[in-house]
Amino acid sequence: MKEELFNFVSIQLDRNGKTPLYVQLYDALREAILCGQLTEGYLLPPVRRLAAETGINAGTVVSAYRLLEKNGYIRAKRGSGFFVTDILVQSDEREDTREESTFLPHMTPVTDGIDLLSASPSPDYIRVTDFKRVINEVLDRDGGYAFGYQDGQGYYPLRQAMAGYLTKCGIRATADDVHTISGAQQGIDIVAKAVLSFGDYVLVERPTYAGAIGAFRSRGAKIIDAPMTEDGIDMDAVEDALRRFRPKLIYVMPNIQNPTGYSYSNAKKNRLLGLARRYQTLILEDDYISELDYSEDKLSPLKALDRDERVIYCKSFSKMFMPGLRLGFLVVPNRKRAHILAAKQQSDGSTAGLTQRAFDLYLRNGIWAKHSRSIYDVYRARHREMRALLEEHLPHTVTVYPARGGLTYWLKLPSGISAKRTAETLAERGVLVQEGSAFFVNMGLDRFLRVSFAAEEGDRLREGIRILGQIITKEMK
Ligand SMILES: Cc1ncc(COP(=O)(O)O)c(C=O)c1O
């Protein structure tokens with residue numbers, strides 16, 4: 001529906017759309033201000049008049065005005081109404097009032113100390129010689145074409161190879177469904193960009209991956225969470241949140257969740273899909289580590305059970321393979337393909353052609369299969385060793401969450417022991433761990449730590465855990 005307002009600003013409100021009317025009105029007015037159609041000092045129409053002219057209720061207009069005021073686009077003057085502010089003068093101030101951005105320490109190389117922080121494989125396991133060979137093969141075969149602008153959706157042969165790989169994991173996908181991305185972090189970011197508008201709700205697990213919280217926040221989304229339990233997210237809390245907030249997106253890690261290490265039962269996976277269908281919402285499944293599932297009965301991706309095109313599947317290989325290569329994949333429902341492609345192109349045009357071509361050969365020549373088997377064996381053994389070290393050195397009052405795979409363990413310290421202080425004391429002793437508060441949307445309990453066995457082994461790993469146990473025991477006294 002189209003409404004003409006204030007002579008020259010036209011406002012389109014879709015009463016049947018999913019975006020709340022007040023957010024639509026906010027977006028339209030904000031756009032008019034940013035484009036200079038409504039300039040500094042312009043007096044906005046009184047609430048009742050605007051409500052009557054647009055056929056919406058006064059409360060909706062008030063909510064839109066409040067949001068504009070909160071974000072500095074308009075200012076209330078007592079007795080007179082709302083005026084457009086000088087946005088150019090205020091833009092710096094507005095930047096300063098944004099929520100603190102999320103820094104991701106696990107993505108920064110650790111150069112000193114015992115590293116129980118990094119959650120990606122040690123550079124020693126990267127098959128540099130194999131990679132040299134495939135790079136040379138690409139250069140001999142494709143020459144300068146490897147360096148030109150690439151298809152924004154990704155190098156077609158690699159998308160075909162990925163579709164084949166995913167089919168083996170139970171996901172029915174063709175090359176057209178697959179989008180190459182520059183790492184899963186970018187995948188989350190472009191999904192947020194493609195799906196969310198300012199003020200939309202996103203539902204996440206509690207705790208959840210800090211990088212996702214940062215990406216959703218950067219889009220102005222409101223994040224709500226539901227607790228993780230041992231067999232997946234608390235479904236009653238999910239249903240309640242869906243009913244009350246109608247989130248546009250649910251972000252989950254159904255297999256080997258970061259940071260808890262928990263995985264969803266198939267019953268919960270199916271129930272989540274059913275709820276997403278009932279409440280017409282999309283799910284973003286982050287599969288960042290399922291190759292490192294050390295159990296016999298292998299987990300199925302949520303996407304493999306998706307009969308209703310509700311799930312955007314995001315695949316990272318960073319935990320297995322050269323995280324610095326910045327490569328990942330999305331499987332996107334047909335109706336969202338154009339949005340995702342546009343967001344990707346606006347983000348970085350395309351993922352580097354040389355990298356995509358090299359990884360394509362890596363997959364096709366069977367090097368990947370060989371590499372992933374050897375990485376799997378190394379980390380399965382270390383996962384067991386780490387569990388034994390934690391049991392040996394930590395007081396029994398520390399809860400070690402029973403991860404069935406991955407590269408980390410999630411720990412809950414006894415009541416009264418601060419995780420923040422423990423992490424700081426550990427750093428002073430030369431041991432780095434991830435303190436848990438980064439994984440919570442709203443400051444969680446100061447009692448969680450995530451410890452990784454990705455980068456250390458043998459004596460150094462033992463020493464790190466020994467010091468951790470010693471510090472917690474001392475704190476308890
Ligand atoms: C749960 C989760 N998702 C996504 C990412 C980002 O992965 P990538 O290196 O592919 O960007 C990480 C990185 O640690 C992660 O832990």
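In this chain, residues are counted from 1 in sequence order. The figures that follow rest on heavy atoms only: side chains count, while hydrogens, waters and symmetry mates do not. Each ligand, and each atom within it, is numbered from 1 in the order the structure gives.
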Is it true that [X] and [Y] make a salt bridge, defined as a side-chain N closer than 4.0 Å to a carboxylate O?
{"X": "Asp240", "Y": "Arg243", "answer": "yes"}
{"X": "Asp177", "Y": "Arg172", "answer": "no"}
{"X": "Arg450", "Y": "Glu435", "answer": "no"}
{"X": "Asp459", "Y": "Arg466", "answer": "no"}
{"X": "Asp377", "Y": "Arg373", "answer": "no"}

Taking both backbone and side-chain atoms of Tyr251, is any N or O found less than 3.5 Å from an N or O belonging to ligand 1? no
Please say whether Ala184 places an N or O atom under 3.5 Å from an N or O atom belonging to ligand 1.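 Yes - when backbone and side-chain N and O of Ala184 are compared with those of ligand 1, one distance drops under 3.5 Å.
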With heavy atoms of [X] as the reference, note each atom of ligand 1 found under 4.0 Å away.
{"X": "Ser316", "result": "7 (O), 8 (P), 10 (O)"}
{"X": "Gly183", "result": "10 (O), 11 (O)"}
{"X": "Met253", "result": "1 (C)"}

Given [options], which has its nearest heavy atom closest to [atom]?
{"atom": "atom 13 (C) of ligand 1", "options": "Lys319, Gln185, Arg326", "result": "Lys319"}
{"atom": "atom 8 (P) of ligand 1", "options": "Ala215, Ser182, Ser318, Pro323", "result": "Ser318"}
{"atom": "atom 12 (C) of ligand 1", "options": "Phe321, Tyr288, Tyr209, Phe439", "result": "Tyr209"}

Quick check on Lys298: does its NZ atom have over 12 non-hydrogen neighbours (other residues, nucleotides or ligands) under 6.0 Å away?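 Buried by this count: over 12 neighbours within 6.0 Å.
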